[in-house]
Amino acid sequence: MPAMNMLQSLNSAMDVLLERDGDVVIFGEDVGYFGGVFGATAGLQKKYGLDRVFDAPINESAIVAMAIGMAAKGLRPVAEIQFSDYIFPGIDQIVSELSRIRYRSADQFRTPVVVRTPSGGGIRGGQTHSMSPEAFFTHVPGVQVVIPSTPYDAKGLLIAATESDDPVIFFEPKRIYNGPFDGKPDAPLKSWAKHPKGEVPEGHYTVEIGKAEIVREGQACTVVTYGTLVHVAEAAAEASGIDAEIIDLKTLAPYDIETIAASVHKTGRVVVAHEAPRTSGFGAELAAQIQEECFYALETPIFRLTGWDTPYPHAHEWAYFPGQERFIRALKTVTEA
Amino acid sequence: MPAMNMLQSLNSAMDVLLERDGDVVIFGEDVGYFGGVFGATAGLQKKYGLDRVFDAPINESAIVAMAIGMAAKGLRPVAEIQFSDYIFPGIDQIVSELSRIRYRSADQFRTPVVVRTPSGGGIRGGQTHSMSPEAFFTHVPGVQVVIPSTPYDAKGLLIAATESDDPVIFFEPKRIYNGPFDGKPDAPLKSWAKHPKGEVPEGHYTVEIGKAEIVREGQACTVVTYGTLVHVAEAAAEASGIDAEIIDLKTLAPYDIETIAASVHKTGRVVVAHEAPRTSGFGAELAAQIQEECFYALETPIFRLTGWDTPYPHAHEWAYFPGQERFIRALKTVTEA
Amino acid sequence: MAQDAAGQGAQSRFHVPAPPARPGEAPDFSAYSFQKAGEAKRPDPLIDGARTSDLAHGLVGVLDHNHQAVGEWDPRLSPEVLREGLSHMVLTRIYDDRMLKLQRQGKMSFYMKSAGEEAVSVAAAMALNKTDMVFPSYRQQGILIARGRNIVDMMCHCISNSRDNLKGRQLPVHYTWKEGGFFSVSGNLGTQFPQAVGYAMGCAYKGEDSIAASWIGDGTTAEVDFHSALVLASTYRAPVILNVVNNQWAISMFSGISRGEASNFAMRGLGYGIASIRVDANDFLAVYAATRWAAERARKGGGPTFFEMVTYRKDAHSTSDDPGKYRPKEEGAQWPLGDPIDRLKNHLIGLGEWDEDRHAALEREMTAYVTKAYKEAESHGTLHDGPLSPTETIFEDLYDKPDWRLIRQRRDLGV
Amino acid sequence: MAQDAAGQGAQSRFHVPAPPARPGEAPDFSAYSFQKAGEAKRPDPLIDGARTSDLAHGLVGVLDHNHQAVGEWDPRLSPEVLREGLSHMVLTRIYDDRMLKLQRQGKMSFYMKSAGEEAVSVAAAMALNKTDMVFPSYRQQGILIARGRNIVDMMCHCISNSRDNLKGRQLPVHYTWKEGGFFSVSGNLGTQFPQAVGYAMGCAYKGEDSIAASWIGDGTTAEVDFHSALVLASTYRAPVILNVVNNQWAISMFSGISRGEASNFAMRGLGYGIASIRVDANDFLAVYAATRWAAERARKGGGPTFFEMVTYRKDAHSTSDDPGKYRPKEEGAQWPLGDPIDRLKNHLIGLGEWDEDRHAALEREMTAYVTKAYKEAESHGTLHDGPLSPTETIFEDLYDKPDWRLIRQRRDLGV
Ligand SMILES: Cc1ncc(C[n+]2csc(CCOP(=O)(O)OP(=O)(O)O)c2C)c(N)n1
Ligand SMILES: Cc1ncc(C[n+]2csc(CCOP(=O)(O)OP(=O)(O)O)c2C)c(N)n1
Ligand SMILES: [Mg+2]
Ligand SMILES: [Mg+2]
């Protein structure tokens, strides 16, 4: 199988989708001729034409609304929001419309829209190119929320998302587009080529929405995380020698409570981790549900390792990002308590 | 002291603010001549003039942006969003701008804006007049989030919010505008006149932002809630005879962890309650923080009593609203476990 | 307007617009100027949008003050079609009146009438093909009637009973009827406007010749989605008809709060290079002809049309407000463009194709029809006394299959 | 445009606009038509906004093809003022070039030049009062230079060092300078446009005669905030100047993606009844004169002015893109409206107030000035090697006093 980075695997997913289904259309700011500011759609307009892959005006609300209308007509739009920081002008069309049309029409209309958007920090993007707004969308009944952490999952999940009859907000951890990240900013960039999940089939396959994966088995504690931090967690476990079991959620809504609970019943110690601000971040939902589900198995408080309750700073981004050091401290805290 | 319902006390707060400070301006859809669809601003335009209290175009984003610009110039805008369901077109101006201008300008510019908006269900408003979107805003660093549960607090908190140099999203539980609600839809409407906090001073006073209040002392368990459900909790405690300690948060960001922790350390049993959908609702944050703070004091899992993960239904709104019955079941669950 | 500001002392001052008349004052329409019926030219439907300035600043009207059809826009409809339109409008008004009464009796939670605006929806629905998808606001119930939806079904929705096709999930008048090409009405203003453009783009993408049409109010033109819709329609030359129903009021706010310094709403479309036309929307023939023109333009690849449908909201905004609190009571009666039903009725009478007796008979017939329909609707329950759709339906239709959260929550509720 | 669609077979089809030329093709400006310099009339600044249609469809220009100042809009500036403007523009360009080089050397994370657009910001800044608040995008650094901000401070921000007045919180070029009436630049496109209107309303509310001005790009006109700003400005007749800097490109998207079927952007303002004017923005004198006109209009209570500032983005969008990937390399050089610095320089030479030697000397002087300034800036640290503002500052300036969450989080971080 060919090695792909996450941008290539996303590109391959869209290639497969465009190839197989004439109802799939892809649009967003700069996604057409240019192929997107990160290159996720590179070459697709040339291959499939101006009416399948095209530029959209800079109006995230219009982009989502256009996708809703097209989906109601039977198309399968995959819309890109250039940075997830810029999804907020379009959030009303997601919260009030996309998530509810099937429900409020009693299943007369469905809007199978995928909104792809790069999220997370670690690229010196400052406060307007670094947000992780996933928690907002997990509070919206009617949408699914997906965040892959490897090229293989990114392709399989994007195909599954596009083939799903229900809307998906698809976050792409841009820090790991080009290689996994161990949470040490100064370490040399790793490549996906050496990662087992950097091997990606050319053709069609899906990864199930709603299923988490145990990416590292362990006995000492359970780490529940997603996206970039999956790799930081793995590196932290290796570096610290702490025998952590690491769960890559992949889907946040609906999240895979079974896999989480089974692990926590085994370890009794939990770290939930994300880059987004702490207060009302998705870690809160995980901690709340885990303590309810596994109360009598818990030996120490569930530890929330998160970004701070501030905007994402530019110069001090590494003081904000939950890097390897903070991760190791978190693992120690829950295992040594 | 005169008896006021919550609309009258909010109106009185704005009257006091307009009277004392020429920089206070009030605007929103239908708030001017008409006095607002709920009457919160009734009579204020007549008393203070067209340039102090006025109608705004139907564009929630423009309303927030206008408030930001005016606040940057030194005014103290109190903007109304007619229903909190309609705050989403304006949420980008709140998340990306209002919450960050002080931070990103390193305190060169401050934007002391108050956004007032009626929230919550129980008035047969259907899915677009019933939302409780407070959790979204608690995930936004830089804004304060306030929800009063009585006429007295509503006035004192609105004055404090307007006098604060930092932005406040001020949710008004519309179900209890005209009287407290015990969570039994068929019970006759109660009046604020008989409620101690229905007595409201005419003049200026403030209620501190960030301070919760124990509205009922108890030993059996701790209920942490806010807004309409404070009254449902009280009624449920009375009706069930369960000796619950009930905390009215009043401020969600920043929430009063000290008061909560002290109570939980005493009772060891907790119900957190809100009307908003369960997943990633503010109850998740509360449960996550409480289990961290009071882990060794907890005798049973923290119980989340919430709305369901669906839009707010119209005909079946009482099957969605966490009413007295469900509240009593929750109290039993945590106290009998 | 700038001048008087200058006159006010040549110094910038805080300005907030106010309507010409408030309760207790005499209605004042002096700010309005309407082109005479028959005067507006009817260009080729494939005209360059930028060249429609005269139509945006004028007023397309067909029925003159003598109720005669005049000018290039006369659609020359047969008496049968005219009588059909009249009967749809009469039914719409009687239906609305009846629903309002029932709401007052507590049979439903809420209601919104379209009194005075019946031509906007009925004429448009008749001018469009049944396969064209409409994205209405909450005030186009006339489309359902004109497209032949069973009013029993409409009532079952409004009283949220066991036969409500929306399972009691939506407020009354927030209809959905896919079979009839009627998209889900949202309670959030304006959101359907850009969605309609996306749908129309989908029609073009699939090479079909069906199109989409949407309606929003004058107040809603201020909303962000208004701009989104016009940008999309212009950029992608979408086969869509975008209607602004200017009924002069947005709950208590007069149209000047959203229109600002502009003299009308139709102008707004010109800035996007979209064909923009102002229409006398209390003139059934004008609405019909204009909609036909726009539909032909769209189907032939001419792209979008933007209409300001000029009308007047005769009654309250909804059952939640009293218009006497914010506008002169007599304003509706004195509205210069009259009433759409009266005008079409008088036109037909002028043609010798109708008379007062037949009209009275029509009203009696429709009243009986509505009364009978309501009896049937109520036999399926009411919001107040039930039966409603089963409680467990609140957990359905979110996803293909409910996930563990919904399954548990349904169990918690014990249904 | 409708016609050719019809020509295409009189059937609606999916349409996506594309630029006239892509890499490898010859630049094509045939779609552009520009009114000659000197031809546009200059009306009284208190003219009714609705009566500016000619100005919106035309082009206000002062410098003709011989670099002579012609027509009613000539601001008749003294040679001193012209030389000051020239020197600000030259400094802006040299500053940009230097910053770009430093970014390539890793001294800063990101940079955005304004090459070709210097007149837009410099002439406007000189035409406004220092007390007027500006709400710029990330491409109006010329305003800071024209208002005399110390370029050492600007550099300290760009390299995020210990003297960055924004404490390293913002990306480079996202300046804030309250003292100089320069509002915080947001990374979110368009949000400042309606904020500027609110600020201007605040000025009017307080009875001051200061005003506000804002700038967004052509691509940003599609954003929701564009509409919000124009609605507010029109409804409240705010003393504000709203500038659309049409530099023809939005990263890789040509202006047609946001302009759609409209022939220009200035037209968009007419639909709101706002005075709307298209300006040759590579003509320093035209930008100066137009801004002066609008400022007088605003101060005297005439309300808002909407400008399309027609220019061309000569270089990349930012340090993150390569324009050779999406547009012809030669497009910039062949841009019909030339270069703002060359044109003002040649005008001054024509007046006998400037010559090549003095110009070369000015460039040397500015280059030396920038080099020296950077040495000083670097002495306060760089993003890469520090020192930065203290780490604990990331927890400051959120609220009057940090709440328990921030206090604990700071402790957790150990700073
Ligand atoms: C986004 C949003 N904001 C506010 C409201 C509340 N609201 C409902 S109807 C209405 C007035 C609409 O007026 P207009 O657009 O003129 O339509 P009309 O009712 O006159 O047909 C308002 C403000 C809403 N439903 N949605
Ligand atoms: C809301 C939002 N959407 C998208 C972006 C990403 N983005 C940054 S600049 C840009 C292009 C802007 O083009 P234009 O408005 O023409 O301004 P110019 O850069 O040409 O001056 C885009 C899409 C953003 N910053 N904010
Ligand atoms: Mg209206
Ligand atoms: Mg541009």
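- With a 4.5 Å cut-off on non-hydrogen atoms, B:Ala56 touches chain D through its backbone and its side chain both.
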Step by step, would you call D:Asp400 with B:Arg102 a side-chain contact (heavy atoms from CB on, under 4.5 Å)?
-> CA-CA 10 Å; D:Asp400 253 345; B:Arg102 182 175 184 166; 3.2 Å; yes
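- Pairs of residues two or more places apart, or lying in two chains, never qualify as ring pair (Phe, Tyr, Trp, His ring centres under 6.0 Å) while including a residue from residues 58-77 of chain B.
- If you tally non-hydrogen atom pairs under 4.5 Å between each of D:Ala229, D:Gly202, D:Ala204 and chain B, the highest count goes to D:Gly202.
- Scanning residues 79-89 of chain B against chain D with a 4.5 Å heavy-atom cutoff picks out nothing at all.
- Interatomic distance, NZ of D:Lys167 versus CZ of B:Arg104, reported as 15.5 Å (0.5 Å rounding).
- Looking at B:Phe54, the atoms closer than 4.5 Å to chain D (heavy atoms on both sides) all sit in the side chain, from C-beta outward.
- Counting all heavy atoms, side chain and backbone alike, B:Pro57 lies closest to D:Thr235 at CG-OG1, 4.3 Å.
- Taking chain B as the reference chain and counting heavy-atom pairs below 4.5 Å, the highest number among D:Ala196, D:Ser184, D:Ala238 is found for D:Ser184.
- For B:Gln93, the part lying near chain D is the side chain, with the backbone staying farther off; criterion is any non-hydrogen pair under 4.5 Å.
- In this structure, CG on B:Asp256 lies 11.0 Å from CG on D:Asp403, to the nearest 0.5 angstrom.
- Shown here for D:Lys178 and B:Phe109, the closest heavy-atom pair between the two residues is CG-CZ, 3.6 Å.
- Under the 3.5 Å distance criterion, with hydrogens and angles disregarded, a donor-acceptor pair is assigned to the side chains of D:Thr191 and B:Glu97.
- Heavy-atom neighbours of chain B within the stretch residues 130-150 of chain D, taken at a separation under 4.5 angstrom, comprise D:Met133.
- Under 4.0 Å is where a charged nitrogen must lie from a carboxylate oxygen, and between D:Arg408 and B:Glu292 no such pair does.
- Heavy-atom distances place both the backbone and the side chain of B:Ile257 under 4.5 Å from chain D.
- Of the atoms belonging to D:Leu166, heavy atoms from both backbone and side chain fall under 4.5 Å from chain B.
- Of the inter-residue distances, the one linking D:Asn165 atom CG with B:Asp107 atom CG reads 12.0 Å to the nearest 0.5 angstrom.
- Contact of D:Ser186 with chain B is made through backbone and side chain together, with heavy-atom distances under 4.5 Å.
- For B:Val143, the part lying near chain D is the backbone, with the side chain staying farther off; criterion is any non-hydrogen pair under 4.5 Å.
- The candidate with the highest count of non-hydrogen atom pairs below 4.5 Å against chain B, out of D:Ala200, D:Ser389, D:Ser228, is D:Ser228.
- With a 4.5 Å cut-off on non-hydrogen atoms, B:Glu258 does not touch chain D at all.
- One distance of note links CG of D:Asn188 with CZ of B:Arg100; it measures 6.5 Å at 0.5 Å rounding.
- Contact of D:Tyr236 with chain B is made through the side chain alone, with heavy-atom distances under 4.5 Å.
- Using a 4.5 Å cut-off between heavy atoms, B:Asn59 contacts chain D through its side chain alone, with no backbone atom that close.
- Options D:Val185, D:Leu406, D:Asp164, D:Val231 differ in how many heavy-atom pairs under 4.5 Å they form with chain B, and the most are formed by D:Val185.
- Counting only residues at least two apart or on different chains, no salt bridge (Lys or Arg N to Asp or Glu O under 4.0 Å) pair has a member in residues 211-228 of chain D.
- Put simply, CG on D:Leu398 and CD on B:Gln144 are 10.5 Å apart, with the number rounded to the nearest 0.5 Å.
- Between B:Pro141 and D:Tyr399, the closest heavy-atom pair is C-OH, 4.0 Å.
- Considering every non-hydrogen atom in both B:Ala72 and D:Phe183, the closest pair reads CB-CE1, 3.9 Å.
- Rounding to the nearest 0.5 Å gives a distance of 6.0 Å between OH of B:Tyr103 and CD1 of D:Ile394.
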Take B:Lys73 and D:Tyr205, measure what side-chain contact (heavy atoms from CB on, under 4.5 Å) needs, and give me the verdict at the end.
-> CA-CA 10 Å; B:Lys73 177 61 192 167; D:Tyr205 180 87; over 6 Å; no
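- Contacts with chain B were tallied for D:Lys206, D:Glu396, D:Met201; D:Lys206 has the most, counting heavy-atom pairs under 4.5 Å.
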